[in-house]
There are 2 protein chains.
Amino acid sequence: MQDYHDRLLADLKKSMPIVIGCHCAVSYSGRAESYLDYNDCILIIKSDKTILVHQTTGNNPINYMKPGTTYTLNVADKRLLIHAEHRQLKEYMDIHVTNIYYYNAHPLAPGSTLILEGTEKDMVEAIMNKPESIEEGFKPVSTEEHTKYGFIDVFGNDTNGTLCVVECKRYTGDFKAVDQLRRYVEKIKDAKGINTVRGILACPSITPNALTMLQDFGFTHVALTPPKRLAKYNKAQTSLGDFHKS
Amino acid sequence: MQDYHDRLLADLKKSMPIVIGCHCAVSYSGRAESYLDYNDCILIIKSDKTILVHQTTGNNPINYMKPGTTYTLNVADKRLLIHAEHRQLKEYMDIHVTNIYYYNAHPLAPGSTLILEGTEKDMVEAIMNKPESIEEGFKPVSTEEHTKYGFIDVFGNDTNGTLCVVECKRYTGDFKAVDQLRRYVEKIKDAKGINTVRGILACPSITPNALTMLQDFGFTHVALTPPKRLAKYNKAQTSLGDFHKS
DNA sequence: GGGGAGAGATGCCGC
DNA sequence: GCGGCATTTCTCCCC
């Protein structure tokens, strides 16, 4: 265990990304408090001193600390004690390691940037490029309009010149989406001193209860699905395999 | 690369948790579309066939697939091609690996359960145990009251017998919290056919804009911080070190 | 750094 | 499975 202590200390100093398969217990104190009994885990300490404690299932770490954590190491009772502390965030984590199955530290170059398409922002762009997807005669005026009660996705006029607030969701519309739309509509009415402002929720689908609430407020649901532009790009290639070989 | 192909195939068959430090490119298609150019990554494939693609910084994986993903492997042009597909979710991911820095697969026992304290649920319990923390004379009636517009954290009466809806947030109160509270209050008014229902937002702090909105609706903010019971437990021990050695 | 809101959110519980 | 909602949410953008 003393060997691992020395290696970990050196690798932390070099800001090396570290992966450890081990048997350990974890306690955390900060925004909340947690305790994890001794069990098998995968520990990942990244170059930015983020630490993730992963178990053998699930998407999310069972425990973690944010970037900028500092580490203090000790060996006692044949155990490696890792004290991870984040002073600014007033958080700490203690890991007691009894057994290490594997230990890997290897220099890794900083990552590439992910290209992501099909987000809500892409929905907004699609509406700006094709306003009739909201309804015939819709004329968008602005996007990301800032009000004191939040940011409005798309702001525009319908064919009658009535002001329209459009809120986009890439997923099934719910209460929260209707709440948000309502907040914007009310604030616009208040700010402009007018009584008639339409609320339009653009999303692929909507829950029955949210639809009821939407209609209670006199708002409209428009079925819209976020575009996935990379799909088109991939289709333009003869095949996915060829695309990647390039 | 053929050796790694064979090892990975065998380890996947055994549902072994696998960690790979490598140079790779990743493309994803499903709920959205993404492409990540060749770069250094840590790949983690868990026992439940979750895959995480981590870079050297940050809390979250840059790419991932959920539990239940199936894998198809190939070697071409000295590259290991990992095709990960989730048929139910209609998602897939392609990883092209050009270089492997380390490869680890080791049987890990299923994890322990995390004990977590200081959640919103703990706030609700604390209020039930000490109703005067909301205000003098407050009498809680129920928790998790189900309405058609959502679940009410705490429902009760003030010293005048006026109905009170209490919404708890463990973090700084914001617009969304006020929206939620408002939705419950309105629904209760509607359901009970009464005009006077008080809304109380219990949270450690509140943003200035949210406070304005709260007050516009005639609601109240009560400063409450989520309890952290493990902190007390740890204090009861002579020291944290002793606690862990037990 | 705080406020506001999206996320390929995830995860939990209830119906 | 969907619905509703918390999360040690995380992350990004903008002031």
Side-chain angles (χ1 to χ4, degrees), chain A residues 26 28-34 50 53 57-67 86 88-93 114 116-124 144 146-153 167-177 180 183-184 205-210 226 228 230, chain B residues 28-34 50 57-67 86 88-93 114 116-124 144 146-153 167-177 179-180 183-184 205-211 226 228 230:
Chain A
V26 184
Y28 160 82
S29 179
R31 281 168 293 174
E33 309 254 347
S34 76
T50 298
V53 182
T57 60
N59 224 293
N60 285 345
I62 188 83
N63 268 133
Y64 57 91
M65 294 278 283
K66 293 186 174 181
H86 201 302
Q88 291 84 4
L89 300 177
K90 293 181 183 174
E91 296 183 310
Y92 72 82
M93 190 193 276
L114 187 77
L116 179 65
E117 304 291 347
T119 63
E120 187 185 290
K121 199 160 171 288
D122 295 317
M123 280 184 81
V124 172
E144 289 268 318
H146 285 240
T147 75
K148 243 211 156 183
Y149 272 27
F151 320 144
I152 295 173
D153 282 341
E167 174 59 32
C168 297
K169 292 295 169 199
R170 69 182 307 287
Y171 52 86
T172 303
D174 56 13
F175 284 149
K176 281 184 296 188
Q180 206 180 337
R183 200 198 314 142
Y184 299 157
S205 57
I206 185 167
T207 68
N209 290 340
K228 298 171 185 177
L230 277 190
Chain B
Y28 159 83
S29 180
R31 283 168 291 173
E33 310 255 348
S34 77
T50 297
T57 60
N59 225 294
N60 286 345
I62 188 83
N63 267 133
Y64 57 90
M65 294 280 283
K66 293 187 174 181
H86 202 302
Q88 290 85 3
L89 300 176
K90 292 182 185 174
E91 296 185 308
Y92 70 83
M93 191 198 272
L114 187 76
L116 181 65
E117 304 291 347
T119 63
E120 189 185 288
K121 198 160 171 285
D122 295 317
M123 280 185 81
V124 171
E144 288 267 319
H146 282 55
T147 76
K148 242 210 155 180
Y149 273 28
F151 318 143
I152 295 174
D153 282 340
E167 173 61 30
C168 298
K169 293 294 169 199
R170 68 183 310 285
Y171 52 87
T172 302
D174 56 13
F175 283 149
K176 281 183 293 187
D179 275 339
Q180 208 178 337
R183 200 198 313 145
Y184 300 156
S205 58
I206 185 167
T207 67
N209 290 339
L211 183 59
K228 296 170 185 177
L230 278 190

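Order of the sequence lines sets the chain letters (A, B, ...), proteins ahead of strands, with each chain counted from 1.
Atom CD of A:Gln180 is separated from atom P of C:dA5 by 6 Å (rounded to the nearest Å). In this structure, B:Asp122 places its CG atom 13 Å from C1' of D:dT7, rounding to the nearest Å. Rounded to an integer number of Å, the gap from CD1 of A:Ile62 to P of C:dT10 is 17 Å. The nearest whole Å value for the distance from the CG atom in B:Asp179 to the P atom in C:dG4 is 12 Å.
Not one side-chain nitrogen or oxygen of B:Gln88 sits closer than 4.0 Å to the OP1 or OP2 atom of D:dG1. Dashed line: the shortest gap from a side-chain N or O of A:Thr207 to OP1 or OP2 of D:dG4 is under 4.0 Å. Distances shown here put a side-chain N or O of B:Asn209 below 4.0 Å from the OP1 or OP2 atom of C:dG4. The side chain of A:Arg31 places no N or O atom within less than 4.0 Å of a non-bridging phosphate oxygen (OP1 or OP2) of D:dA6. Look at B:Lys121 and you won't find any side-chain N or O under 4.0 angstrom from OP1 or OP2 of D:dA6. Using a 4.0 Å cut-off, some side-chain N or O of B:Lys66 falls inside it from OP1 or OP2 of C:dT10.
Side-chain to base pairing of B:Asn63 with C:dG8: one donor and one acceptor N or O lie within less than 3.5 Å of each other. Put simply, the side chain of B:Glu91 and the base of C:dG8 share a donor and an acceptor less than 3.5 Å apart.
As rounded to the nearest Å, C:dG14 and D:dT8 have C1' atoms that lie 25 Å from one another. For the C1' atoms, the distance from C:dG6 to D:dT7 is 15 Å, rounded to whole Å. To the nearest whole angstrom, the two P atoms, one in C:dG4 and one in C:dG8, are 23 Å apart. Rounded to the nearest Å, the gap between the C1' atom of D:dC5 and that of C:dA7 is 16 Å.
The side chain of A:Tyr184 approaches C:dA5 more closely than any other nucleotide in the set C:dA5, C:dG6, D:dT8. Distances from the side chain of A:Asn60 to the nucleotides C:dG3, C:dT10, D:dT11 place C:dT10 closest. Closest approach to the B:Leu116 side chain among D:dT8, D:dA6, C:dT10 is made by D:dT8 (side chain taken as heavy atoms from C-beta onward). Closest to the side chain of A:Lys169, from the set C:dT10, D:dC5, C:dG6, is C:dG6.
Taking each heavy atom of B:Asn63 and A:Leu114 in turn, the nearest pair found is OD1-CD1, 3.5 Å. Taking every heavy atom of both residues into account, A:Ala210 and A:Ile206 meet most closely at CB-CG1, 3.8 Å. Nearest heavy-atom pair, B:Met65 versus B:His86, reported as atom, atom and distance to 0.1 Å: CE-N, 3.9 Å.
In this structure, A:Pro67 and A:Ile206 both approach DNA chain D, and ranking their closest nucleotides by distance from the 5' end singles out A:Ile206. In this structure, A:Lys176 and B:Arg170 both approach DNA chain D, and ranking their closest nucleotides by distance from the 5' end singles out A:Lys176.
Residue ring and nucleobase are not stacked for B:Phe151 and D:dC5 under a centre distance beneath 5.5 angstrom and an angle between planes beneath 30°.
As the counterpart of C:dG8, no nucleotide is assigned, since no Watson-Crick or G-U wobble pattern has both distances under 3.5 Å.
The shortest side-chain heavy-atom distance between B:Glu144 and B:Lys121 does not fall under the 4.5 Å cut-off.
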